[in-house]
Amino acid sequence: MEPIIKFDKVTKRYGDLTVLDRLDLDVAPNEKVSIIGPSGSGKTTVLRLLMTLEKIDGGVIHVDNEPMTHMPSPGGTLVAANEAYLRRVRGKIGMVFQHFNLFPHMTALGNCAEAPIRVLGLSKDEATGRAAELLEMVGLADKINHYPSQLSGGQQQRVAIARSLAMRPKIMLFDEVTSALDPEVIGEVLEVIRSLATEHNLTMLMVTHQIGFAREFSDRICFFSDGRIAEQGAPCEILDNPRNERTQQFLRAVLHAT
Amino acid sequence: MEPIIKFDKVTKRYGDLTVLDRLDLDVAPNEKVSIIGPSGSGKTTVLRLLMTLEKIDGGVIHVDNEPMTHMPSPGGTLVAANEAYLRRVRGKIGMVFQHFNLFPHMTALGNCAEAPIRVLGLSKDEATGRAAELLEMVGLADKINHYPSQLSGGQQQRVAIARSLAMRPKIMLFDEVTSALDPEVIGEVLEVIRSLATEHNLTMLMVTHQIGFAREFSDRICFFSDGRIAEQGAPCEILDNPRNERTQQFLRAVLHAT
Amino acid sequence: QSLKEKYRNEGVVVGLAGYAPYGYKLIDGTFTGEQVEVVKHVLGKMGINKISYKVMSFGALIPGMVAGRLNMAAAGIYIRPKRCKAVLFSQPTFGQGAAYVVKKGNPKNLHNFKDIAKTEGAILAVLAGGTEYTLAKKDGVPEEKLMQISDKAAGIGAVLAGRADGFALSALAIADIARTAGDLIGVESSGGITEIAGETYQGHGAIAFSKGQTEADLKAAMIFRDEFTAILKGYLAAGGGYAEMAGRWGFTSAERPSKTMKELCGSGL
Amino acid sequence: MTFEWDYLMEVLPLIAQASLVTIEATLGGFALAAVLGLLLAVLRSLRFAPVRVAVSVFIEAVRSTPLLIQLFALYYILPGIGIIIPAMACGILALGVHYSCYCAEVYRAGLDNVPRGQWEAATSLNFTTYDTFTRIVLPQAVPPVVPALGNYLITMFKETPILLTISIIEMMSRALIIGKDTFRYTEPVTVVGVLFLLFSLTSAWGVRRFGAWLTGRWG
Amino acid sequence: MTFEWDYLMEVLPLIAQASLVTIEATLGGFALAAVLGLLLAVLRSLRFAPVRVAVSVFIEAVRSTPLLIQLFALYYILPGIGIIIPAMACGILALGVHYSCYCAEVYRAGLDNVPRGQWEAATSLNFTTYDTFTRIVLPQAVPPVVPALGNYLITMFKETPILLTISIIEMMSRALIIGKDTFRYTEPVTVVGVLFLLFSLTSAWGVRRFGAWLTGRWG
Ligand SMILES: Nc1ncnc2c1ncn2[C@@H]1O[C@H](COP(=O)(O)OP(=O)(O)OP(=O)(O)O)[C@@H](O)[C@H]1O
Ligand SMILES: Nc1ncnc2c1ncn2[C@@H]1O[C@H](COP(=O)(O)OP(=O)(O)OP(=O)(O)O)[C@@H](O)[C@H]1O
Ligand SMILES: [Mg+2]
Ligand SMILES: [Mg+2]
């Protein structure tokens with residue numbers, strides 16, 4: 001099957017610092033991929049490039065067989081993408097952030113209905129109805145009129161997930177979505193992601209430090225180190241028999257710390 | 001042996017919210033106590049009261065057999081403590097914060113030498129010498145001239161520990177000192193605390209969610225719930241055979257999430 | 001259409017500086033003053049009755065006429081060659097010397113600019129860039145004895161506070177202060193000064209007119225001004241009514257103009 | 001010199017009337033400054049470099065020149081090239097444009113304080129730039145800076161006497177003119193001082209209420 | 001009306017000389033405002049209620065009264081009770097005190113932006129209140145607000161013409177005096193406008209450099 005995400009020799013630099021170094025990465029439709037690795041290895045950057053929050057410095061990213069950040073010109077060659085093209089490609093992707101980034105001036109329902117109304121052009125009634133359904137799905141039926149400041153961290157993160165889903169993306173990106181949460185509420189967020197993974201046809205890309213969850217959730221784990229994939233494979237392969245030395249060292253440090 | 005810390009029916013309120021409810025807690029000299037419990041149960045508040053960052057609303061806290069926040073008047077009764085008295089009691093206690101709270105405008109060395117110079121009245125040379133020793137002890141001999149912004153989270157937290165130790169406290173308080181850290185560097189901070197616990201005569205009080213570390217490190221674990229100690233005892237007792245229902249539920253959620 | 005007809009139809013805008021005795025607003029909201037009464041009288045004779053007054057800072061009057069914001073100014077502007085290049089003037093309605101207020105009883109016995117120059121430590125307040133500044137210097141008052149300030153309030157404040165020994169303005173303005181408020185605030189006039197550096201000095205005040213923007217405007221303005229002046233001459237003549245009117249503000253025969261507009265303007269219009 | 005209440009009662013209606021001019025000029029100027037300032041701040045925050053530079057230069061130039069000079073130019077120099085604007089309009093325009101540059105700085109601080117994450121969330125939900133500003137960013141950027149804008153409202157109140165330059169007589173000028181007529185400044189200036197205090201306190205209160213109302217709904 | 005370069009060259013030296021007065025008054029006033037403002041802000045941030053209230057009332061009162069009235073009182077009313085201060089000292093004092101209240105607000109924002117954790121760390125290390133301020137809090141609170149203080153420096157530049165009330169002739173008054181004399185305002189006012197621009201840009205640049213220098217060492 002054609003990959004739905006395809007990184008082709010993608011390079012990303014910040015000034016002198018090369019954060020991604022000719023990265024190749026394919027993700028198949030409906031595949032669940034976890035990205036693990038030390039701090040600064042470029043994990044977040046991969047997600048941010050897909051979400052077009054950053055520009056790439058080299059290579060091409062294809063999403064759903066369309067190049068993003070470059071678009072085909074009438075002559076067939078690739079030219080830099082304009083805003084309209086970017087917005088079309090971007091519509092296929094949803095992202096959940098480490099710090100939720102909910103809109104503090106809107107209720108949970110407002111957070112989930114605003115983009116469908118403004119961007120997808122849904123009627124207010126339809127958007128609100130769907131938003132309420134999604135909030136129920138993430139277990140927040142009784143909190144739809146609460147503002148983010150009135151919700152716990154776990155609840156906020158679940159609203160953020162519902163908000164992304166309301167845009168009906170094909171691909172969902174999760175960036176350390178539990179690392180800003182109290183330990184006791186981490187479980188409720190992972191539960192929602194777990195049920196998403198089994199019940200929907202979504203391609204999922206997840207940066208995480210929850211090794212246990214990554215093992216259970218993913219079809220594949222990629223270990224990042226210095227802007228490249230140092231090692232990848234099925235969870236049991238990577239976690240139980242890492243061949244790469246850096247992977248071994250990382251897993252030792254992380255598992256030791258609990 | 002006389003307890004070095006003694007909470008006697010201590011009550012703390014924020015407005016209508018009673019955060020600590022007639023709390024009793026004794027800590028013996030040189031004892032290592034871990035405090036665990038759900039968010040909002042008052043764990044941080046216990047440490048903040050000891051550090052005199054908050055005022056208490058009822059009860060007495062004794063530290064080293066001296067009442068704090070109240071001082072004995074010439075007539076023998078207790079009156080509200082003045083600043084000079086508080087500063088003397090406070091000198092026995094050091095605290096390490098979740099977000100390090102290093103002084104961003106001073107180097108690692110400056111962070112560790114400033115208080116000894118200003119507060120203990122040490123000469124600049126002596127303070128710097130001791131600060132360098134302590135930084136070496138926490139494994140940062142090569143970073144003494146770095147500013148906090150040039151250090152990783154784990155390194156910053158180790159500087160914060162050295163900074164507290166430079167004031168030669170009898171009691172050290174740790175408030176979730178690893179929860180703002182990248183997983184890979186949590187280990188290095190715990191390592192420092194572990195060695196402190198074994199090599200120095202320090203009373204230690206630690207709020208943590210690292211259940212594994214709490215088990216290995218502590219003489220006693222207190223489980224907090226709603227501003228009271230719901231259950232306490234040796235680590236194996238509390239962690240392996242919790243009797244209190246709330247403890248069981250908490251441990252299930254936290255251990256499940258990894 | 002002549003200016004006269006235009007003003008008859010559309011009205012005329014007259015600028016004032018808000019100072020007694022020339023042109024100012026009364027507490028009941030009407031305008032009066034020697035210059036305002038002149039304008040009312042002459043324009044009335046010309047059949048122009050729609051007069052609106054605009055009070056602004058003195059320094060803004062000539063720019064206001066140059067910019068076409070004002071048609072005329074009735075503020076006792078002295079005729080000087082440089083000003084004649086910017087605006088047109090009627091015949092002067094008065095010619096006056098200078099004076100200054102001093103504290104009641106005139107403790108330092110000061111009466112003219114030369115006294116200021118002579119007396120040890122005497123300080124004279126003048127309006128910044130005002131005529132009196134120039135006159136005082138001409139009459140030998142050194143720069144360091146002159147205190148330039150922004151407005152009348154500051155000038156009187158300076159005298160009352162002892163920051164200055166005198167505050168100079170035109171003779172008529174000083175007479176007005178002494179007459180209306182002298183006892184109340186404790187000041188009196190130094191007496192008129194009409195001799196500066198050995199020459200007789202009189203400041204000749206007149207109604208000023210905007211020249212407009214174009215040559216055609218200028219011609220129309222000159223025709224209007226000349227007609228205005230013709231009527232004004234009758235008013236100023238003995239028995240014409242001016243003397244009685246101006247007397248209300250303390251104008252006397254001593255303030256009768258001694259020169260004509262042409263003499264004062266030099267090469268101007 | 002004693003304080004005469006009769007005299008005060010006599011001048012009070014005149015000054016009260018002139019205070020309407022003060023209020024008109026201030027509120028008019030402030031409304032313009034608040035709107036134009038927001039526009040400038042938003043334009044400057046865009047990525048399009050020519051606009052950003054042009055706006056910065058404009059702000060810098062306006063802020064660096066005294067209001068007096070700007071008023072003078074608007075009222076006395078513009079007619080020279082055939083543009084004649086009535087005095088009050090000139091006053092409101094000059095005050096408004098001048099202070100819009102200060103307001104733009106205030107709004108900028110507000111915009112800077114909206115966390116980057118909010119922009120990124122908006123992008124990830126595919127909002128247009130316009131929607132991102134109107135629905136997400138401005139509702140968060142503006143309420144916190146309302147008090148700072150209020151400070152400029154008060155500053156503008158106190159700046160209005162300068163309008164005498166262009167023949168607008170507001171309450172302070174009125175008081176000084178009355179004082180000039182009678183050489184009794186104490187009473188009229190006291191009245192004006194009290195009115196200034198009253199206005200300032202009222203608007204400070206109003207601004208606080210408005211700010212609280214704006215944020216109160218989601219604090 | 002054309003622009004005459006000869007005339008401009010004639011007035012330039014006069015105005016340049018007066019600009020020294022502008023600079024003296026502004027820099028003197030600003031130095032006072034910066035220091036006194038810091039003091040006010042620190043006093044107001046203390047827990048001791050009477051001081052806090054007294055400072056707040058003082059700030060409110062000074063900010064609500066026009067500078068003109070304050071200048072007038074200092075220069076013309078104080079001698080009535082035997083206090084005679086030279087004009088320039090009055091000017092610097094009035095400007096300094098007036099703007100110190102604005103600067104206090106700016107410093108307050110700076111103080112508010114120092115995270116609570118910094119205060120708590122200082123307390124936990126047993127610093128005295130004095131050391132906490134001088135060693136920990138102010139070094140973090142002041143550098144970020146230097147640009148905002150710089151804005152007041154520029155505002156003060158533009159405010160100096162008001163000093164004519166107390167017989168101080170700075171460049172703007174000088175230009176208007178020249179204009180009154182000759183009825184050609186365009187050239188002198190243009191010169192002053194350009195000088196204002198120059199000063200403002202120079203001080204904005206200086207302030208930015210200073211701010212960068214203050215923070216640069218530990219960014
Ligand atoms: N806007 C930026 N400007 C400069 N450098 C940046 C920027 N964003 C990221 N970096 C740098 O790029 C590198 C990779 O960043 P990235 O956020 O992808 O790491 P990460 O693997 O997600 O790490 P973490 O586990 O800490 O989140 C880091 O060294 C980071 O400091
Ligand atoms: N300054 C304050 N004002 C009002 N309420 C406060 C304040 N500080 C803490 N609280 C409340 O007191 C309760 C106990 O707070 P505390 O920080 O001790 O909890 P905790 O057990 O440390 O929780 P966590 O695990 O989230 O850190 C919480 O409900 C908190 O919201
Ligand atoms: Mg990351
Ligand atoms: Mg806590």
Side-chain angles (χ1 to χ4, degrees), chain D residues 1 56-57 59-73 76-77 79-81 98-99 101-102 105-106 108-109 113 144-145 147-148 151-152 154-155 157-162 165 171-173 175-176 179 185-186 189-190 192-204, chain E residues 1-3 22 60-70 72-73 76-77 80 98 101-102 105-106 109 113 144-145 147-148 150-152 154-155 157-162 165 170-173 175-176 179 185-186 188-205:
Chain D
M1 227 198 259
S56 297
V57 167
I59 290 179
E60 214 44 65
V62 172
R63 289 185 8 143
S64 307
T65 345
L67 179 56
L68 185 61
I69 290 184
Q70 290 160 7
L71 266 178
F72 213 89
Y76 296 115
I77 313 230
I81 57 166
H98 191 81
Y99 280 95
C101 295
Y102 289 93
E105 288 295 311
V106 170
R108 188 232 291 254
N113 275 338
V145 301
N151 282 343
Y152 282 118
I154 293 172
T155 308
F157 260 131
K158 296 192 295 175
E159 191 84 276
T160 46
I162 205 176
T165 313
M171 60 182 187
M172 182 77 187
S173 308
L176 292 179
Y185 289 94
T186 321
V189 169
T190 306
V192 170
V194 171
L195 284 180
F196 266 120
L197 209 69
L198 249 159
F199 282 153
S200 301
L201 296 181
T202 314
S203 36
Chain E
M1 230 201 259
T2 56
F3 198 91
T22 306
E60 214 43 65
V62 171
R63 289 184 9 144
S64 308
T65 343
L67 179 56
L68 184 63
I69 290 182
Q70 291 161 5
F72 211 92
Y76 295 119
I77 314 248
H98 192 81
C101 296
Y102 289 92
E105 289 295 312
V106 169
N113 276 338
V145 301
N151 282 344
Y152 282 116
I154 294 171
T155 307
F157 260 130
K158 296 190 296 175
E159 192 83 275
T160 48
I162 204 177
T165 309
E170 48 56 78
M171 58 183 187
M172 183 78 187
S173 305
L176 292 179
Y185 287 92
T186 318
V189 168
T190 307
V191 169
V192 171
V194 170
L195 282 179
F196 267 117
L197 209 70
L198 248 159
F199 282 153
S200 302
L201 295 182
T202 314
S203 35
W205 176 84

| Any side-chain heavy atom of Leu201(E) sitting closer than 4.5 Å to one from Glu60(D)? | yes
| message | Can you tell me how far apart CD1 (Ile154(D)) and CZ (Arg63(E)) are? Round to the nearest 0.5 Å. | response | 6.5 Å
| Below 4.5 Å, heavy atoms only, C-beta onward: do Tyr102(D) and Thr155(E) meet side chain to side chain? | yes
| message | Within this structure, what is the CG-CG distance for the pair Asn113(E) and Asn113(D), rounded to the nearest 0.5 Å? | response | 7.5 Å
| What pair of heavy atoms forms the shortest contact from Phe196(E) to Ser64(D), and how long is it? | CB-O, 3.4 Å
| task | Identify the heavy atoms of Gly193(E) and Thr65(D) that sit nearest to each other, and give their distance. | result | CA-CG2, 4.3 Å
| remark: Turns out that what part of Phe157(D) lies under 4.5 Å from chain E's heavy atoms comes down to neither
| said: Taking salt bridge (charged side-chain N to carboxylate O under 4.0 Å, His left out) as the definition, give me every residue that meets it alongside Glu105(E), ordered by chain and number, with sequence neighbours left out. | reply: Arg44(E), Arg108(E)
| message | Taking side chain as everything from C-beta outward and backbone as N, CA, C, O, which of these in Leu198(E) sits under 4.5 Å from a heavy atom of chain D? Side chain, backbone, both or neither. | response | neither
| Side chains of Ile69(E) and Lys158(D) in contact at under 4.5 Å (non-hydrogen atoms) | no
